[in-house]
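Here the structure is laid out as structure tokens; the discussion comes afterwards.
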Amino acid sequence: MRNSVKNSIRNQFMAGLFLMTALSLFYMNGTMVQAKTVNGKISAKTVKVGKRITVSSKTGGATFSSSNSVIASVDSTGAVTGKKAGTVKISVKKKGYKTKTFRIKVKKSAGKPAALPVTFSEISASKPDFYTGRMRIKNWSKKGAIKKIVYTYEVEWVSNSSCISEVPTATPTPTQTPVGDAKSASGSAVSDETTQVTPSPSATPANSSSNSFTTHTENVTFSWNTIVAPGKTAPTIASRYNDMGNRVHSYKLIKIELYTGKALYVYDAIKDTYTLKWGTKDITAPKFSGLLKKKSVSGDNGDAYRTYYSDKKNQYNFKQFVRAKDDRDSKVKIAVNTDKINWKKTGKYKIYYTAKDSSGNKTTTWAYVQVIVPGTAESAADQVLRSITKSGWSDERKARAIYRYVKGHLAYVHNAAHVQWRAAALKALRYQTGDCYTYYATCRLLLTRAGIPNVMIRRYPVPGGQRHFWNLTYVSGGWYHLDTTPRRRDARFCLWTDAQLHSYSSGYTFRFHASWYPARAKKRIA
């Protein structure tokens, strides 16, 4: 009995040991063993629309796929072409391996179509047949339609003196660029699409005998002028060489032109380069934006946002606050004309701006500017600025110095006369007293003389007739509030945003008519 129990225990132990050994071998050699990741690398993490980057793999038999072919396509060789701005994942796969995934960002190309519906990676083309001269293509894209596509080949063929077969001539069509994927297209009937031939200017005789052969080199184009929808095969085209049999020696791809509406994508097979262009004529002129026309002056009192002193006219950037953008060229250079300004007389003038795109389309606009011939007020301001600022300082640093000076040197008094701002500022620099308008005017004089754009901003609506004035100042790429008027709570309103002002007193003290002024900066710098 004991022996039977011992034998049973021993048999169970041996069975368990066998099972453990089998499982260990299974995990080591079977499918439960963790797969090795497929080898893959990428040439770049970003690509522009119409440009290519490469995903490569040393793992034999690996395939490539795109998570969104509308944003980027990838062919069987791993060439990734940007089609539309966005982010896409390109995967390198092989059975039995863990997939390798790359995240790629597609960016817009300035001055070019924003999207490319179809790329050469998504078109398969059969090489023209030597005997029939026929060619076919298929559009493998999921959404992009081909409006027109033209293949240009250099054809070499021979003839002999006893039987010369001339090829009819025709006017050549334009061309464009593809390198297609290895996918094949199904055949279809010969259509009325066009093939055109450009004969060479001369033929090259092989020898001078009566039965000598002559080599001819000519360009032939295969042009599909009807829409090829996604997933569809285009009608087969036969060239003018379809009856020449074995006299055709070679077809050499020269260029492919792919037109998908606005986008014109060209492949130069000789240079192996890709070019993205517009497929339609540019008839749209550049558009201006910024402080122009009515927006060049404050909606409050018509003050110009740009004030220029005649003694510093060569130091100003007259293009500040003005931009021109073209739908194709993106940013466009601006020419400015200040001929209407009389630099010898204080006043408000118009200056004119012109923007011209690469196609010759032109737009002209204007803006108001204030011109001041310096006087006593400017002499007093220069003396103060020399003592509190240094050349080379940023506008922000100068503005802070001016804020500290005005806040620390003026004493607040009620019921000061609200005269013209330059006169009020000169009086304040002499007597160092005044109300909120005086504080604003003194800041404006010093800021303007320092070359820092600023304008008056005032409380609106006015509760109980209690008016208030302060400065809207342009520094560090944005408009900020600057108010030197003293407060019982010693707040420092130096280059504040709207949100900062509102948080001070729930918007009561600093209410203003927002649409009267340019958009204020949102980023806090103080």
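All residue numbers in this chain count up from 1 along the given sequence.
Residues Leu429 and Thr442 form a side-chain contact, since some pair of their non-hydrogen atoms from C-beta on lies under 4.5 Å apart. Residues Tyr437 and Trp421 have side chains in contact (heavy-atom distance under 4.5 Å, counting atoms from C-beta outward). At a threshold of 4.5 Å between non-hydrogen side-chain atoms, the residues Ser330 and Lys325 count as touching. Between Thr433 and Thr438, every side-chain heavy-atom pair lies at or beyond the 4.5 Å cut-off. Taking 4.5 Å as the limit, every side-chain heavy atom of Arg397 sits out of range of all side-chain heavy atoms of Lys390. The side-chain heavy atoms of Pro113 and Leu276, taken from C-beta on, include a pair separated by under 4.5 Å. Residues Tyr352 and Lys340 are in side-chain contact: their nearest non-hydrogen atoms beyond the backbone lie under 4.5 Å apart. Using a 4.5 Å cut-off on side-chain heavy atoms (C-beta onward), Ile123 and Val118 make contact.
Closest approach of Glu396 and Ser476 over heavy atoms only: OE1-OG, 2.8 Å. Between Tyr405 and Leu446, the shortest heavy-atom contact is CD2-CD1, 4.1 Å. When all heavy atoms of Val55 and Phe64 are compared, the pair lying nearest together is O-CE2, 3.4 Å. Counting all heavy atoms, side chain and backbone alike, Gly82 lies closest to Val106 at CA-CG1, 3.8 Å. Closest non-hydrogen pair, Arg306 versus Ala367, comes out as NH2-CB, 3.2 Å. Here the closest heavy-atom approach between residue Ile104 and residue Ile90 is recorded as CD1-CG1, 3.5 Å.
Judged by distance alone, the side chain of Arg458 and the main-chain N or O of Arg467 form no donor-acceptor pair under 3.5 Å. At least one donor-acceptor pair closer than 3.5 Å links the side chain of Lys83 to the backbone N or O of Ser69. Using a distance-only test at 3.5 Å, with no hydrogens or angles considered, no donor-acceptor pair links the side chain of Ser91 to the main chain of Lys93. Panel note: side chain Thr59, backbone Asn39; a donor-acceptor pair is recorded below 3.5 Å. Side chain of Thr363 to backbone of Pro286: a donor-acceptor contact under 3.5 angstrom is found. Tyr349 places a side-chain N or O within 3.5 Å of a backbone atom of Asn342 that can act as its donor or acceptor partner. At least one donor-acceptor pair under 3.5 Å links the side chain of Asn139 to the backbone N or O of Val228. A donor-acceptor pair under 3.5 Å is absent between the side-chain atoms of Ser141 and the main chain of Glu122, judged by distance alone. Although no hydrogens or angles enter the test, the distance criterion places no donor-acceptor pair under 3.5 Å between the side chain of Tyr439 and the main chain of Pro486. With hydrogens and angles disregarded, no donor-acceptor distance shorter than 3.5 Å links the side chain of Asp300 to the backbone of Ile457.
Residues Tyr305 and Trp479 place their aromatic rings such that the two centres sit under 6.0 Å apart. With ring centers used as reference points, Phe510 lies 6.0 Å or more from Trp496.
Relative orientation of the His414 and Tyr412 rings is perpendicular, given thresholds of 30° and 60° on the angle between their planes. In this structure, Trp224 and Tyr151 have perpendicular ring planes: the angle between them is above 60°, well past the 30° mark.
To the nearest 0.5 Å, atom OG of residue Ser310 and atom NZ of residue Lys344 are 10.5 Å apart. How far OG of Ser66 is from CD1 of Ile71: 7.5 Å, rounded to the nearest 0.5 Å. Annotation: the span from Phe318 atom CZ to Thr338 atom OG1 amounts to 5.5 Å, rounded to 0.5 Å. Considering CG of Asn471 and CE of Met456, their distance stands at 10.0 Å, rounded to 0.5 Å. Between the CD atom of Gln370 and the OG1 atom of Thr346 there is a distance of 7.5 Å, given to the nearest 0.5 Å. Residue Leu426 holds its CG atom at 10.5 Å from CD of Gln420, rounded to the nearest 0.5 Å.
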Notebook entry, point to check: Does the pair Trp366 and Leu292 meet the rule for a side chain to side chain contact (heavy atoms under 4.5 Å, CB included), with working shown?
Noted result: CA-CA 6 Å; Trp366 55 269; Leu292 296 162; over 6 Å; no
Notebook entry, point to check: Should Asn361 and Thr284 be marked as a side-chain hydrogen bond (donor to acceptor under 3.5 Å, both in side chains) after you check the CA-CA gap, both sets of side-chain angles, and the distance that decides it?
Noted result: CA-CA 7 Å; Asn361 300 304; Thr284 304; over 6 Å; no
Margin query: If you apply the rule side-chain hydrogen bond (donor to acceptor under 3.5 Å, both in side chains), what do you find for Trp140 with Ser124, and how did you get there?
Written below: CA-CA 7 Å; Trp140 290 94; Ser124 60; 2.7 Å; yes
Checklist line | Stepwise side chain to side chain contact (heavy atoms under 4.5 Å, CB included) check, Lys94 with Lys36 | finding: CA-CA 10 Å; Lys94 186 179 179 180; Lys36 183 180 179 181; over 6 Å; no
Next item on the list: Would you please test Leu482 and Tyr403 for side chain to side chain contact (heavy atoms under 4.5 Å, CB included) and show each step?
Entry: CA-CA 8 Å; Leu482 189 151; Tyr403 178 89; 3.8 Å; yes
Next item on the list: Please assess Glu378 against Arg422 for the test side chain to side chain contact (heavy atoms under 4.5 Å, CB included), listing each intermediate value before the final yes or no.
Entry: CA-CA 9 Å; Glu378 284 67 39; Arg422 290 172 66 210; 2.8 Å; yes
Checklist line | Pair Arg444-Asp303, salt bridge (charged side-chain N to carboxylate O under 4.0 Å, His left out): steps then yes or no | finding: CA-CA 12 Å; Arg444 181 169 182 177; Asp303 278 351; 2.7 Å; yes
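The local environment of CZ in Phe102 is crowded, with over 12 non-hydrogen atoms from other residues, nucleotides or ligands closer than 6.0 Å. Around CD1 of Ile283, the count of heavy atoms belonging to other residues, nucleotides or ligands within 6.0 Å does not exceed 12. Atom NZ of Lys356 is surrounded by 12 or fewer heavy atoms from other residues, nucleotides or ligands within 6.0 Å. Heavy-atom neighbours of Lys312 NZ from other residues, nucleotides or ligands within 6.0 Å: above the threshold of 12. Residue Lys427 places its NZ atom among 12 or fewer non-hydrogen atoms of other residues, nucleotides or ligands, all under 6.0 Å distant. Atom CD of Gln383 sits in a sparse spot, with 12 or fewer heavy atoms from other residues, nucleotides or ligands closer than 6.0 Å.
One side chain, Asp483 or Thr485, offers a donor N or O that lies under 3.5 Å from an acceptor on the other. If you check the side chains of Thr119 and Ser73, you find a donor sitting under 3.5 Å from an acceptor. For the residue pair Ser358 / Asp329, a side-chain donor-acceptor distance below 3.5 Å is found, with atom types taken as modelled. With hydrogens and angles left out, the side-chain atoms of Asp75 and Thr77 include a donor and acceptor closer than 3.5 Å. Thr509 and Arg487 share no donor-acceptor pair across their side chains, judged by distance under 3.5 Å alone.
Geometrically, Lys348 engages Tyr368 in a cation-pi contact, judged by NZ or CZ lying under 6.0 Å from the ring centre and within 45° of the ring axis. Annotation: cation-pi geometry satisfied between Arg449 and Tyr309 (NZ/CZ under 6.0 angstrom from ring centroid, within 45° of ring axis).
When Tyr517, Tyr474, Tyr504, Phe512 are each tested for a ring-ring contact (aromatic ring centres under 6.0 Å, His included) with His481, only one passes: Phe512.
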